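One structure is given below, encoded as structure tokens.
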Amino acid sequence: MKEELFEIVDKPIKPEILVKKVESREAGAITTFIGTVREWTKGEKTVYLEYQAYKPMAVKMLKTIGDEIQAKWPKTLVAITHRIGQLDISDIAVVIAVSSSHRKAAYEANEYAIERIKQIVPIWKKEHWENGESWLGDQLENVPYPDGKPSIKE
Amino acid sequence: MKEELFEIVDKPIKPEILVKKVESREAGAITTFIGTVREWTKGEKTVYLEYQAYKPMAVKMLKTIGDEIQAKWPKTLVAITHRIGQLDISDIAVVIAVSSSHRKAAYEANEYAIERIKQIVPIWKKEHWENGESWLGDQLENVPYPDGKPSIKE
Amino acid sequence: MFTVLLFAHLQEEAGQNRLEINSEEITVSEFKRMLQDKYKLTQLDQVMVAINEEFALNDDTIKNGDTVALIPPVSGG
Amino acid sequence: MFTVLLFAHLQEEAGQNRLEINSEEITVSEFKRMLQDKYKLTQLDQVMVAINEEFALNDDTIKNGDTVALIPPVSGG
């Protein structure tokens with residue numbers, strides 16, 4: 001049975017499962033990033049979030065990020081799971097696990113993964129506040145596409 | 001009942017427990033570092049490792065690292081557990097969990113913690129190879145104390 | 001004839017998550033102009049187009065049977 | 001009189017993990033010299049000294065009743 005390293009799910013994510021996926025006798029370091037739903041953003045109180053994905057393409061883009069990481073940090077192992085649907089405060093939206101023989105690569109590759117997720121993976125977040133709702137886009141978080149497109153094209 | 005954020009233990013560490021310790025409604029990001037026992041180091045095959053600690057001082061130094069992180073990255077929460085005793089390949093030696101409202105601080109503070117552990121926390125690792133054994137010190141990993149001492153003194 | 005998938009605010013604006021478009025082969029930029037004129041979708045300058053699950057450039061051509069997705073600025077993570 | 005704790009290779013070299021030392025107040029550097037001369041411990045230039053669980057400098061004084069630890073280069077993590 002092949003374990004999926006890159007997944008979009010609509011159920012709670014267990015970070016320890018992703019740690020298991022990247023474990024290896026060669027690994028000396030495993031980093032995880034757990035993105036959780038924060039209650040307050042720039043003075044606005046979030047009640048809950050809703051994530052939507054273009055699922056097949058999102059999985060494909062997560063794999064692309066995995067390939068990019070393999071190229072930049074050889075011998076790392078990467079697993080990423082993103083949750084969609086309705087998420088409450090403190091719920092986990094995304095988990096990234098990276099294993100590597102040495103810690104530097106495990107940190108760098110992990111941070112690279114979350115940056116890239118925010119650039120090229122077709123997932124959208126709708127914030128529901130006490131008095132309204134809005135779809136968020138990168139431009140609102142000041143991460144513009146410098147040349148009008150994500151820097152990935154095959 | 002107060003949960004201990006900084007611990008030296010002689011039983012297996014569960015990373016998910018540390019994640020729980022730093023969870024917060026203000027957190028948008030939780031990073032964990034999981035240090036595991038690697039089979040091969042510079043061409044030498046490790047059979048198992050043995051960690052020894054000066055336990056009360058090690059706990060104190062872990063707390064010091066926590067204080068340093070609070071000062072540098074306000075509003076982060078940090079938990080660190082280091083295991084001592086005999087560890088086999090792939091066993092977890094240390095887990096660092098950091099939560100923060102934003103991811104940058106969670107990555108930076110986490111990496112800072114492991115660097116500082118390798119500088120100021122009185123824990124020693126003895127490598128057992130197939131044909132020998134040796135206590136390792138920082139100097140073997142090329143992390144000298146620049147001025148002959150860890151840069152912490154109260 | 002090709003299929004267009006809509007997400008996030010575009011889906012809400014259009015009131016549907018999928019359009020079937022009867023058209024000859026057109027380029028991505030011609031397609032965007034069509035969306036603006038015919039379907040009154042706004043903020044399209046921020047929107048990327050994917051053809052068959054790959055990001056496309058303005059000069060790329062949309063062919064018969066393709067699945068085209070409009071990708072507003074993403075906000076995962 | 002104070003207690004000295006030994007760890008890692010120093011513990012193995014000395015064959016014990018604790019020494020009780022009968023001495024007046026001395027500085028850390030005097031103490032290190034004593035260890036070299038009397039207890040034949042080696043590589044002491046790499047070894048830090050902690051007094052009552054705090055890293056100490058060469059000029060710090062070890063007092064009656066203190067717990068002194070010899071801290072070889074650490075290798076946790």
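None of the values given here were measured: they were computed from a predicted structure.
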For chain A, which residues from [range] have at least one heavy atom closer than 4.5 Å to it?
| range | result |
| --- | --- |
| residues 77-92 of chain B | B/I89, B/S90 |
| residues 7-20 of chain B | B/E16, B/V19 |
| residues 27-41 of chain B | B/A27, B/G28, B/A29, B/I30, B/T31, B/T32, B/F33, B/I34, B/G35, B/T36, B/V37, B/R38, B/E39 |

What pairs with B/Y51 under side chain to side chain donor-acceptor pair (under 3.5 Å), at least two apart in sequence or on another chain?
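Per chain and number, B/Y51 pairs via side chain to side chain donor-acceptor pair (under 3.5 Å) with no residue.
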
Bottom line for A/E23: the part with an atom under 4.5 Å from chain B's heavy atoms is neither

Turns out that what part of B/S24 lies under 4.5 Å from chain A's heavy atoms comes down to backbone

| task | Could you tell me whether A/E115 and B/R103 have a side-chain N and a carboxylate O separated by less than 4.0 Å? | result |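 Yes, charged N to carboxylate O under 4.0 Å.
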
